[in-house]
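Notes to accompany the following structure.
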Amino acid sequence: MLRNSKLLLQNVKALINQRSSAGLKYFAPPVKYTDFKQVERPKLRIMERVPQYPPNLRPPKMQKKLRFMRGPEVLHNNLLHKQYGIIASGGGRLRWGHFEMMRLTIGRKMDTNRMFAIWRVPAPWQPVTKKGQGQRMGGGKGAIDHYVTPVKSGRVILEISGKCEFAEVKPFLDLVANILPFKAEVVSQEILDQRAHTNELLQKENQNPFSMKYVMQNNLSGCHRWLSPVDHKWFGKYV
């Protein structure tokens, strides 16, 4: 009898210690998506590989036009649905294969019952010419090989919205962002707001008068000898 009472007392003490070590948990209430409305086609649509021209129009050729990729994006740099997306961190070009990679990857990973995705870039429209291997120099401009979509730094590539959290969509959006032909990152509206607030705070509290803009405009150390016109325009921020 005494042995059984000792065992019971030990079990009660162990249970008390376990409960005291576990403690009470306080979880945040779940997010309520009151303004969410599911769209008819939640998946990304298929992009055309070649733009459709009128039958009487010959497909035009084009120069490289590097200015389409240089500098910051000033228009399509915000999230329309204020949730999540992929933003380019540098300039580059998107081919049709990149569009298919993004469409298929996100289509497999996304829950279409409570999420939807939209494109924020147009279909490939800029022609890229190429000559066959082994041809001699001259003979005019080569034939059109493929079409691309030029992208500037800060351009929103695609968006995902719906009844979802950032931790749900970030893993498969990272898969897409790491395969793109330029530097890209997965962002949320909170990240963009915090980044804008930090940049504004740094500019307001900066005590160093020798910024990159001041150095370039005043030709300190004779930097005008090796600076390019692009540096004078963006002050070393975009290459």
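Because the structure is a prediction, the values reported are computed rather than measured.
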With the 4.5 Å side-chain cut-off for hydrophobic clustering, are Phe99 and Phe172 part of the same group? yes
Following the transitive rule for hydrophobic clusters with a side-chain heavy-atom cut-off under 4.5 Å over Ile, Leu, Val, Met, Phe, Trp and Tyr, establish whether Val148 and Val151 coincide in one cluster. no
Side chain to side chain contact (heavy atoms under 4.5 Å, CB included) partners of Arg225, counting only residues at least two apart: none
Got a sec, which residues hit side chain to side chain contact (heavy atoms under 4.5 Å, CB included) with Asn208, two or more places apart in sequence or on another chain? Asn206, Phe210
Which pair of non-hydrogen atoms, one from Pro124 and one from Pro51, has the smallest distance, and what is that distance? O-CD, 3.7 Å
Is Glu205 reaching over with its side chain to a backbone N or O of Leu202, donor-acceptor style, under 3.5 angstrom? no
In one Ile/Leu/Val/Met/Phe/Trp/Tyr side-chain cluster, 4.5 Å: Phe116, Ile106: no
Any chance CZ of Arg114 has more than 12 other-residue heavy atoms, nucleotides or ligands included, within less than 6.0 Å? yes
Please tabulate, one pair per line, all N/O donor-acceptor pairs under 3.5 Å involving side-chain atoms of residues 179-195, not counting sequence neighbours.
residue: Glu185; atom: OE1; partner: Arg195; partner atom: NH2; Å: 3.4
residue: Glu185; atom: OE2; partner: Arg195; partner atom: NH1; Å: 2.9
residue: Ser188; atom: OG; partner: Glu190; partner atom: OE1; Å: 3.4
residue: Ser188; atom: OG; partner: Ile191; partner atom: N; Å: 3.4
residue: Gln189; atom: NE2; partner: Asp193; partner atom: OD1; Å: 3.0

Considering residues at least two apart in sequence or located in another chain, which fulfil the side-chain hydrogen bond (donor to acceptor under 3.5 Å, both in side chains) criterion with Tyr214? none
With Lys65 via side chain to side chain contact (heavy atoms under 4.5 Å, CB included) - residues at least two apart: Met62, Gln63, Arg67, Phe68, Gln126
Any chance you could measure Lys43, atom NZ, to Leu104, atom CG, to the nearest 0.5 Å? 9.0 Å
Please output the side-chain donor-acceptor pairs of residues 154-163 that fall under 3.5 Å, not counting sequence neighbours, one pair per line with the distance.
residue: Arg155; atom: NE; partner: Arg120; partner atom: O; Å: 3.3
residue: Arg155; atom: NH2; partner: Arg120; partner atom: O; Å: 2.7
residue: Glu159; atom: OE1; partner: Leu80; partner atom: N; Å: 3.3
residue: Glu159; atom: OE1; partner: His81; partner atom: N; Å: 3.1
residue: Glu159; atom: OE2; partner: Leu80; partner atom: N; Å: 2.7
residue: Glu159; atom: OE2; partner: Arg120; partner atom: NH1; Å: 2.4
residue: Ser161; atom: OG; partner: Gln83; partner atom: OE1; Å: 2.2

What residues form a salt bridge (charged side-chain N to carboxylate O under 4.0 Å, His left out) with Asp145, not counting sequence neighbours? none
Please name the pair of heavy atoms, one in Met212 and one in Phe235, separated by the smallest distance, quoted to 0.1 Å. CG-O, 3.1 Å
Distance-only, no hydrogens or angles: does the Glu73 side chain make a donor-acceptor pair with backbone N or O of His76 under 3.5 Å? yes
Can you give me the closest heavy-atom contact between Gln207 and Pro209, atom names plus distance? O-CD, 3.3 Å
Closest contact, heavy atoms only, Lys152 versus Gly71: CB-O, 3.6 Å
Does atom NZ of Lys233 have more than 12 heavy-atom neighbours from other groups under 6.0 Å away? no
Is there a path of hydrophobic side-chain contacts, each under 4.5 Å between heavy atoms of I/L/V/M/F/W/Y residues, joining Val215 to Trp234? no
Just wondering, are more than 12 heavy atoms of other shown residues or ligands nearer than 6.0 Å to NZ in Lys32? no
Cluster link Tyr238 to Met216, ILVMFWY, side chain under 4.5 Å: no
Keeping Lys109 on the side-chain end and Val169 on the backbone end, is there a donor-acceptor pair under 3.5 Å? no
Is the number of heavy atoms from other residues, nucleotides or ligands within 6.0 Å of NZ (Lys131) greater than 12? yes
How would you list, by chain and number, every residue that makes a side chain to side chain contact (heavy atoms under 4.5 Å, CB included) with Asn219, sequence neighbours excluded? Cys223, His224
Which other residues end up in the same hydrophobic cluster as Tyr53, if Ile, Leu, Val, Met, Phe, Trp and Tyr are linked when side-chain heavy atoms come under 4.5 Å apart? Val50, Leu57, Ile144, Tyr147
Any residue meeting salt bridge (charged side-chain N to carboxylate O under 4.0 Å, His left out) with Glu100, in chain and number order, not counting sequence neighbours: Arg103
Apart from Ile46 itself, what residues make up its hydrophobic cluster when side-chain heavy atoms of I, L, V, M, F, W and Y under 4.5 Å apart count as a link, directly or indirectly? none
Identify all side-chain donor-acceptor contacts of residues 87-96 below 3.5 Å with residues at least two apart in sequence or on another chain.
residue: Arg93; atom: NH2; partner: Lys64; partner atom: O; Å: 3.0
residue: Trp96; atom: NE1; partner: Met47; partner atom: O; Å: 3.0

Between CG of Leu175 and OG1 of Thr105, what distance do you get to the nearest 0.5 Å? 7.0 Å
